[in-house]
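Below is one structure, written out as structure tokens, with a few remarks after it.
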Number of protein chains: 2
Amino acid sequence: MSLEALGPHQGDADALARRLARALLGGDWQPGDVFPKELDIAARCAVSRNLVRNALASLTAAGLLERTAGRGTRVREVGDWHLLDPQMSDWLVGLAHPQPQLVRELLAFRYSAEPVVAELAARAAGPDDLARLEAAFRGMAATADASEQAGQHVEYDVAFHEAIYEASHNLIWRQMGHLLRPSILALVQHSQRPARGDDGLGDSLERHGAVLEAIKGGDGPRAARAAREVLGRTARDLGVDTETGARAD
Amino acid sequence: MSLEALGPHQGDADALARRLARALLGGDWQPGDVFPKELDIAARCAVSRNLVRNALASLTAAGLLERTAGRGTRVREVGDWHLLDPQMSDWLVGLAHPQPQLVRELLAFRYSAEPVVAELAARAAGPDDLARLEAAFRGMAATADASEQAGQHVEYDVAFHEAIYEASHNLIWRQMGHLLRPSILALVQHSQRPARGDDGLGDSLERHGAVLEAIKGGDGPRAARAAREVLGRTARDLGVDTETGARAD
DNA sequence: CAGCGCAAAATGTCTGACATTTATCGCCAG
DNA sequence: CTGGCGATAAATGTCAGACATTTTGCGCTG
């Protein structure tokens, strides 16, 4: 609701857009709120109005803002946000507290989509796809024990999932994989909290291995089942109905 | 490769972006080509350089163009295009000759995704979802015979598919449904060419009905099978492998 | 012939002004 | 007192020109 957190700015237009977007996604303004006017932002961040306009145009293109001449700028409803816009994906990177509703929706989507993608991958994967998958899996295995390598482990985990989308050899699914990256990252970090017990990482590794083996063997249905297993525990933890994959109101 | 087709311009920045995007998507320039410079476009379209810059920023955000200071503007590879950007969806509306590769990729995606979405819909659909589906289906049935109502029939067909995504009650799938709209439209129009024989429309209607019944009955697996049936014929016509859903290189 | 530097060309940014749209407030008539 | 109506203010949209920055290529020099 305020502009106070934003100090003077340094960087190009994209950087300013990123700052504003993250502030918005972080909850500084609620849907329906009026967004600060161009001149206020320009003054507060010590940049020209032009740069502010370009940045706001980006947020508008992503469906975050609604601007009308004379009225001003308002924050749109979450349902109007373009979650599949790659730019949005960038902005979500490293966001500390994404909205819980968003997290559940994303996981429900992945729980329904990734089995299918794994099935495609099992049938379409080429040598380099398998190489990527194996490299990611070996990385996961090598960093599974040491807790000080948690960051690296997460990276390999995300790379593994991204490689599955890549191996589907379908333009749309591959783009989906890229732009789900930050969401997957957030989910993986969330699901690896040690509070759940010590079987977590070992089990997770085993399940990822099952997916890899199924894809290597070209066994589509088994790959689908294995992919479902990988996401199953996280889904249950977050309260996503693993029967329906979505929750009716 | 040329700017000749573009006459003087009338409308706002979005309209200019639409014109340029459609010219590009229509094949006026190939990936790797250098795009006209700002001042040329501004002069040719009789608008300010500012407006051109805003329009080009939109195309750049959609992954169509790559701009670097000093070098100029170039058309990016098709693989880099943000097909899931809603703006791209707008630009694709009514495009006469989309790239065949794109069409195949999109159908392969739908062939893998829509069964899952139908399954979700069967389990999550509420009364208004069912009402939307039934309204679309009745419209399809009412316009199935008369060939002069082909346009309306297509509209109902697209609405039916969109309603399936809507009924999944998942944010991401719903957005996907919206932005697939133009692609579905193009595919439906393509698949309804009468050259294939007279059983086409009747069969199609019957198959859509099967999906509706399965969703109404809450039978997920049956809905998935039915959805696959709906897309099967079109997929085979376009040479998409209905075993793998994608084609390895 | 290699390397340096300068100039041209393109995009990126700043500034100020004006246009257009919208909400609001005060005025006037009923 | 109240409802409509117009002027005014406030915000975004557009334009024009200048300058900054980056890249490319050419020519000059050692």
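Each chain gets a letter, A, B and so on, in the order its sequence line appears, and its residues count up from 1. The basis for the numbers below is simple: all heavy atoms, side chains too, and nothing from hydrogens, waters or symmetry mates.
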Any salt bridge between B/Glu166 and B/Arg181, counting N to O under 4.0 Å? no
Between B/Gln152 and B/Thr143 (side chain of the first, backbone of the second, donor and acceptor by atom type, cut-off under 3.5 Å), is there such a pair? no
Any donor-acceptor N/O pair, A/Asn170 side chain to B/Glu105 backbone, under 3.5 Å: yes
Might you list the N or O atoms of the protein lying below 3.5 Å from N or O atoms in nucleotides 4-6 of chain C, with each pair's distance?
none

Is the phosphate of C/dA23 approached by A/Arg71 (side-chain N or O, under 4.0 Å from OP1 or OP2)? yes
Assess the side chains of B/Arg67 and B/Thr60: does a donor N or O sit below 3.5 Å from an acceptor N or O? no
Can a donor-acceptor pair be found between the side chains of B/Gln175 and B/Tyr165 at a distance below 3.5 Å? no
Measure from the side-chain N and O atoms of B/Arg110 to the backbone N and O of B/Leu180, and report whether any donor-acceptor pair falls under 3.5 Å. no
Output yes when B/Glu38 and B/Arg49 qualify as a salt bridge under the 4.0 Å nitrogen-oxygen rule, no when they do not. yes
Donor + acceptor pair across side chains of A/Asp157, A/His161 (<3.5 Å): yes
I'd like the 5' and 3' limits of the part of DNA chain D contacted by chain B, with heavy-atom contacts below 4.0 Å. D/dT14 to D/dT24
Length of the line joining B/Asn50:CG and C/dT13:P, which is rounded to integer Å: 12 Å
Near-strand residues of residues 57-70 of chain A, defined as heavy-atom separation under 4.0 angstrom from DNA chain C: A/Ala69, A/Gly70
For A/Phe137, the ring-ring contact (aromatic ring centres under 6.0 Å, His included) test, sequence neighbours excluded, returns none
Does B/Arg49 make a side-chain donor-acceptor contact with the base of C/dG12, cut-off 3.5 Å? yes
Test side chain to side chain contact (heavy atoms under 4.5 Å, CB included) applied to A/Glu134 - qualifying residues, sequence neighbours left out: A/Arg138, A/Leu212, A/Lys216
Which whole-number value in Å describes the distance from B/Arg74 CZ to C/dA10 C1'? 13 Å
Whole-Å gap separating P (C/dG12) and CG (A/Leu16): 16 Å
Separation of C/dT13 atom P from B/Asn54 atom CG, nearest Å, is 12 Å
Going by the ring pair (Phe, Tyr, Trp, His ring centres under 6.0 Å) test, which pairs reach into residues 34-83 of chain B, not counting sequence neighbours? B/Trp29-B/Phe35
Please report, rounded to the nearest Å, how far the P atom of C/dA23 is from the NZ atom of A/Lys37. 15 Å
